[in-house]
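In what follows, a structure is listed as structure tokens, so that the remarks can point back to it.
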Amino acid sequence: MTESFDYFVISKTLQCWYEQNKRELPWRETKDPYAIWISEVILQQTRVNQGYDYYLRFIRRFPNVKALAKASEDDVLKQWQGLGYYSRAHNLHAAAKQIEEIFHGEFPKKYSDILSLKGIGEYTAAAIMSIAYREPFAVIDGNVLRVISRLFMIEEPVNSVRGKKKIAAIAHAILDPQHPEIHNQAIMDFGATLCKPKQPKCNDCPLQVHCLAFAKNVVSEYPVKNKSTKITNRYFHYFHIIHNDHTYLCKREANDIWKNLYEFPLIETSKPSTFIELQNTASFTRLFGANHDILFTHQSHVKHILSHQIIYADFYKVEIPDSENFSLPDKFQKIPAEYITDFPVSRLIHKYMENY
DNA sequence: AATACGGGGAA
DNA sequence: TTCCCAGTATT
């Protein structure tokens, strides 16, 4: 009894704080489940500032499920270019088609149906249920994990199953079922702007009296977390081929970084390699044969840092005389030079194209 | 239960 | 440098 009352006070305090301090955001102007969905997927593992413009552009280009479903894969990827985690765009596109075919173009209203859509997990399903339909589902994202882990001094790592279950139980317990959409957005905004990972503003915190970690002066030790995996090094060698004002691009199909994005013909090596060493590989011969009239020029060496890998990329300009008879296998698309910007590419390729 | 998946911003 | 962000899918 006293416990549930305490939970109620916590939610009310958060909601009150939210009304005074919430950020004005475009996806908070609508109850359209489609728009809410797009915003939530864009914001997966992505800060509001980074996703803001993408949201506006995406909604303008694909205003509803039908528009997204009938768009081309490349068009959707192109809108996503630069945002990262490209499977989100792929899944968004697939889910729009799911909605068209399975739910007859109407965005589903049941939690289980929403959860069945590609790219929607427990967090996003709960966010849509609560924000678009005002149903009592508690969201659990990075902010909620941190806020609850501090408030209740959760000792289990938040990235362990036990820790997550413990926090999920509390998240549901403190949810105000009368105002789930306000509660959920309140606790996330609170975590993002006040109960931050570094330098939380405990002095301004309206939940200070409820916070066990603050009482023991150990806020900075929470959330407890298992250490992350280590990073790997990769070595990419790209060939920007120029032949009759055309170049070649290839779509990345493997389950790897940048899946479904395009890039120049690539040779990846397990160690740093000079051009001479590259020339002696079977991959090189497959691309360029034994043709001696080709002029290779080293253009740039780039260190590209991702979350769990570092890519060392060399770019070579490959000039082939117009008179030369040259072609590559079908998986490489021959592209007129002026069309290369039509293809969705990684940040790494985009930067090269900009400087070229 | 672990790992892969981008890119950027803050300290 | 390190952390981590309105997480999900795969292994």
Regarding [X], tell me which of base, sugar-phosphate or nothing describes its non-hydrogen contacts under 4.0 Å with the strands shown.
X: A:Thr124; answer: sugar-phosphate
X: A:Trp27; answer: base
X: A:Arg162; answer: nothing

- Task: Could you tell me whether the side chains of A:Glu263 and A:Ser346 share a donor-acceptor contact shorter than 3.5 Å?
- Result: no
Integer-rounded Å distance: [N] [atom2] and [X] [atom1]:
X: A:Glu40; N: C:dA6; atom1: CD; atom2: P; value: 11 Å
X: A:Leu115; N: C:dG7; atom1: CG; atom2: C1'; value: 12 Å
X: A:His90; N: C:dA9; atom1: NE2; atom2: C1'; value: 12 Å
X: A:Tyr123; N: C:dC5; atom1: OH; atom2: P; value: 12 Å
X: A:Tyr55; N: C:dC5; atom1: OH; atom2: C1'; value: 19 Å
X: A:Asn143; N: C:dG7; atom1: CG; atom2: C1'; value: 12 Å
X: A:Asp141; N: C:dA6; atom1: CG; atom2: C1'; value: 5 Å
X: A:Leu92; N: C:dA9; atom1: CG; atom2: P; value: 12 Å

Can you check the distance between [N] and [M], where both ends of the measurement are the [atom1] atom (answer in whole Å)?
N: C:dT8; M: B:dG8; atom1: P; value: 22 Å
N: B:dT3; M: C:dA6; atom1: P; value: 24 Å
N: C:dC5; M: B:dG6; atom1: C1'; value: 12 Å

- Message: Tell me which residues in residues 147-157 of chain A lie within less than 4.0 Å of DNA chain B, going by non-hydrogen atoms.
- Response: none
- Task: For DNA chain B, determine which residues of residues 175-187 of chain A have any heavy atom closer than 4.0 angstrom to one of its atoms, and list them numerically.
- Result: none
- Its contact letters, B for base, S for sugar-phosphate only and - for none at protein heavy atoms under 4.0 Å, make nucleotides 5-11 of chain B read BBBBB-S
- Task: Output all residues satisfying ring pair (Phe, Tyr, Trp, His ring centres under 6.0 Å) with A:His179, sequence neighbours left out; order by chain, then residue number.
- Result: none
- Who are the ring pair (Phe, Tyr, Trp, His ring centres under 6.0 Å) partners of A:Tyr54, not counting sequence neighbours? none
For the residue pair [X] and [Y], does the interplanar ring angle fall in the parallel (under 30°), tilted (30 to 60°) or perpendicular (over 60°) class?
X: A:Tyr356; Y: A:Tyr352; answer: parallel
X: A:Phe275; Y: A:Phe284; answer: perpendicular
X: A:Tyr111; Y: A:Phe137; answer: parallel
X: A:Phe288; Y: A:Phe296; answer: perpendicular

- Task: Starting from the C-alpha separation in whole Å, work towards a yes-or-no answer on ring pair (Phe, Tyr, Trp, His ring centres under 6.0 Å) for A:Phe264 and A:Phe239.
- Result: CA-CA 6 Å; A:Phe264 294 122; A:Phe239 298 97; 9.8 Å; no
- Note on the structure: Result for 5'-nearest mapping on DNA chain C, choosing between A:Ile131 and A:Leu117, is A:Ile131
- Query: For A:Lys317, does the NZ atom have more than 12 heavy-atom neighbours from other residues, nucleotides or ligands under 6.0 Å away?
  - Reply: yes
- Note on the structure: Which of A:Tyr235, A:Tyr238, A:Phe236 passes ring-ring contact (aromatic ring centres under 6.0 Å, His included) with A:Tyr312? It is A:Tyr235
- Full working for side chain to side chain contact (heavy atoms under 4.5 Å, CB included) between A:His243 and A:Leu328: CA-CA 12 Å; A:His243 183 220; A:Leu328 288 177; over 6 Å; no
- Excluding sequence neighbours, so at least two apart, what forms side chain to side chain donor-acceptor pair (under 3.5 Å) with A:Arg61? A:Asp75
